[in-house]
Each structure stands twice: as structure tokens, then as C-alpha cells.
Amino acid sequence: MDVFALAQNNLLSPMVLFFALGLAAALGRSDLTIPEAIAKTLALYLMMSIGFKGGAEVAKTGFTVAMAEVMLAGIALSFLIPVIGFFTLRTVSKLSAVDAAAVAAHYGSISIVTFVAATEVVSIAGFPAEGFMVAVAAIMETPAILSALLLARRAGAGSTAPGEGEKLGTLLREVGLNGSVVMLVGSFLIGWATGPKGLQMIAPFIVDPFRGILCLFLLDMGLVAGRGMREAGKHLSPPVLIFGLVMPLVSAGLAALAIWPLGLSAGGAALFITLAASASYIAVPAAMRLALPEAKPAIYLTLSLGVTFPFNLSLGIPLYLLLGQRVAG
Amino acid sequence: MVQTYPKKRIEIILEAPALHRLTARLDEAGVKGYTIIPALAGHGQDGNWSREGLPGDAGRMVMVISVVDPSLADAVLEGVYKVLARQIGIVTITDVQVIRPDHF
């Protein structure tokens, strides 16, 4: 399948069309909203479903060398991408060191919603992925924060004002134990422990309604991204805006190179590339408010939510699937 | 006429990610009680803000209200300042009257 056919299939899928509906509603200033508690429940459901299915898949194979290798590659990329992002931003934009470090942290970490959407796209396209990619997603969440903090400190940014100094251990624990990661990893472990039999028991709840619930969730994410887009012009200079579109492609290229020798399936490689190309907008922004409070949330949240997330969901994922097919073992 | 007693009401509006740090400081200072209220929207130095459409805690604000004995106020404010110094937020202190002084 060529890139245009993949993009067309993706853009015309109900998931992306519901996302587009949310986006259009927000840009048109409609009063359409999903209540906060329901949006949170939908997110938890998706984490539970994707985690459990991944765990049940891993139960068939057990812990493998390939799993360890891909996890290590994920950790290395999560450390490396913020370094590239930081120096790129410092070169092409006028962002301060602390703002550049905070933005870079988002790009080294991952967006679990983008991952969930990509899982569905690769599945619909007929490329089954390794179940352990869920664990890879969880493990890629935090190293970027560490990397960005080191960059900020090296540049002499942050922590000069009086006040509560960031306690790194506490911070990493808070990020590592944020609700979505606990749900994802917990469900993965339960899925692993109970295997295909466990999956069969709760399939009517976590498998059958998955796509419909993903549509509703992406409608909400479209609303969120649309509101972010409305703010983009106010807070983002053109070089930063371009960074939000180009950095995912750079990260995707690096991920493709990293995964090439590891012999992943096309679906697994596409998911790994998607993880590297995605930018966090839940766990890392909250961590940055504590670790680098001088960084402006309007910049990193708007860039991640209003620029990179819609790009990845519409055009990025089909590209990553194509790239995944090229580097698959 | 019901007898009233003077106390200090401390009101803190703070960004949500730092809430646990703040409540830990209040607990350390020996505050007997506080109430946390989610803030819907507002306007500050950086313009308008709203909790609508935010997928996580970053960008959300909360209000913490505590009524303390005047003898405790300085220690509480010292702890609050340690958290608030680098975060987005404001703190105000007002004189209030209560009818059950042992609660504070």
C-alpha cells in the first residue's frame, strides 16, 4: 500500500473523522463538550483495554530478548530526542533555555493517545504488532524528563529563585505513577498473568466496544486540540510552529534507524516509530510545572496539543506505518 | 449574641500540579483543616486561563482555603511561600471571626 492510500484510509476512518469533528467544533467555537469525568473514564477504559490486550499477547510468548532490546532502544531514544530538540530550538528560535528544555522534554516523552490511535490504524491495515509495545510505551515516558532537566541545568536555567527545589526522585515517581501509566502497566500485567483465557472472559467489555469508545474519546481530543490550535498563533513563533511539525519526523527517522536491526514486525515497528514521534501532553506538562516552573506552559502545551498531536493523528501515523513496513524484519 | 473569635483566613490560588506540595506544607505547619476547590477559569498576568479542554493537571488552577489561629499564621505562610515562590499562584490573608475556635 502506498503512502497516499494509507493516508486516505486513515483520514477517512471513523476515528480520525470524529477527531476532525471535534477539531472543527472547537475552531468554530461550538459549545460541544465532553464532561471532564466522562473524558477521564474514556481514557482509563482505553488504557485498560490496550494494556490488557498487550499483556495477553505477551503471555503467549513470555519475556523475550527482542522485548528487552526494544525497551532499551526506547529508553535510549527518550534520552536522546530531547537533546536534539533542545539544541534545534536554541538554534532556530528565540526560546529561552528553560522553555527549550521544557518543550524538548515533551518530544522525548510519548503521547499514549497517539499510541492507542496508531494501534488501531496498524490493526485495521492488517499489520499485527507485538503485544509488548505497551510496556515500551510506559518505559519511554520518563527518561526524557531527566534528559531535559539536565539540559536546563547545564544551560544554567531554572531553580535560581527561592522555593521548593525539584526533588528528582519524587518527580520521577510522580510521573511514573501517573494514573494513565498505572492503568496501562497494571492492565498489561493482569493481561500477562491471565493470558488469552482472561482476555476471552472480558472481551465483550474491552474488545468489542473499543473502536466506538475510541471515536468518542478522539472527538474529545479533537475539541482539546482545536482549542490548542486557537491559541497557537498567540503563543508560538513560526520557527517553534515548524519545529512542532518537523521534530516528529526527525524522531521518526531516528526510531526507524534504531529499530531496523531488531527485526520487529511492520506493525510493531510502526508503533515504535509513532511512540518516538509523539509528544506528551499529560504527564510531562504536569512534571514541567514542578521541575521547570519558569517555563511557559502556553508554549509547550499549545505546541504539543495544538500542532504535533493533530499532525501525528492525521498524516504522521500513515507515514510511520509506511516507514515501519520498510524497516520491519 | 453569639460570641466570636478572631482567626486568619488564608486563601491560596495555585496551579494544580503543585497542590500536593502545598497540602504537605500545610500539614507540616500543623494546620487543622483546609478546603480545596477547583477553579473554573480566570484572568491573570498571562491573560485568560480556563480548565476547559485541558487533558491533564498542567494549566489547571485550584483554590485552597484554610482558617488558622493567628499564632500559627506566620509558620503557615512561610511554608506556603516555599511552594508558591516559583509556581503560578497568589495568596491572600484576611481577618475573620469564627464561632467555634477549637476547630482551628
Side-chain angles (χ1 to χ4, degrees), chain A residues 22 26 31 33-34 36 39-40 43 102 106 111-113 158-167 170-171 174 178-180 217 220-228 230-231 234-235 280-298 300-302 304-306 309, chain B residues 10 12-29 31 34 36-64 66 74-92:
Chain A
D31 65 352
T33 52
I34 306 278
E36 196 179 314
K40 265 193 171 173
H106 289 68
S111 153
I112 204 71
V113 179
S159 66
T160 50
E164 197 95 323
E166 63 271 16
K167 293 164 189 132
T170 313
L171 184 73
E174 281 171 1
N178 85 73
S180 50
F217 184 72
D220 185 49
M221 289 312 298
L223 290 165
V224 170
R227 289 179 199 123
R230 282 199 329 232
E231 299 295 313
K234 286 186 220 162
H235 302 292
S280 170
Y281 48 78
I282 299 176
V284 176
M288 288 300 112
R289 290 314 306 143
L290 293 172
L292 295 174
E294 296 82 6
K296 296 181 191 75
Y300 52 71
L301 259 179
T302 309
S304 171
L305 257 179
F309 179 65
Chain B
I10 301 175
I12 305 144
I13 300 175
L14 174 77
E15 50 185 324
L19 177 63
H20 292 304
R21 288 184 177 184
L22 178 71
T23 52
R25 289 287 176 177
L26 294 179
D27 294 339
E28 271 172 33
V31 170
Y34 45 82
I36 301 162
I37 302 167
L40 289 180
H43 182 88
Q45 283 181 345
D46 290 326
N48 294 327
W49 56 265
S50 169
R51 72 183 289 114
E52 189 193 353
L54 293 173
D57 268 351
R60 286 186 182 152
M61 303 292 284
V62 289
M63 182 193 276
V64 181
S66 183
D74 275 348
V76 173
L77 288 175
E78 212 170 285
V80 168
Y81 179 66
K82 281 184 180 157
V83 178
L84 215 67
R86 294 175 65 205
Q87 308 291 155
I88 300 170
I90 57 166
V91 55
T92 56

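Within every chain, numbering begins at 1; the chains are lettered A, B, ... in the order of the sequence lines, protein sequences first and strands thereafter.
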Q: Test side chain to side chain contact (heavy atoms under 4.5 Å, CB included) on Glu36(A) and Arg60(B) and set out the steps.
A: CA-CA 12 Å; Glu36(A) 196 179 314; Arg60(B) 286 186 182 152; 3.7 Å; yes
Q: For residues Pro285(A) and Ala58(B), report the shortest heavy-atom separation together with the two atoms involved.
A: CB-CB, 3.4 Å
Q.
Keeping Gln87(B) on the side-chain end and Pro293(A) on the backbone end, is there a donor-acceptor pair under 3.5 Å?
A. no
Q: Give, for atom CG of Leu290(A) and atom CD of Glu15(B), the distance between the pair rounded to the nearest 0.5 Å.
A: 7.5 Å
**Q.** Side chain, backbone, both or neither of Leu84(B) within contact of chain A (heavy atoms, under 4.5 Å)
**A.** neither
Q | Arg289(A) and Ile88(B), any side-chain heavy atoms less than 4.5 Å apart | A | yes
Q. Between Ala18(B), Pro17(B), Ala16(B), which has the largest tally of heavy atom pairs under 4.5 Å with chain A?
A. Pro17(B)
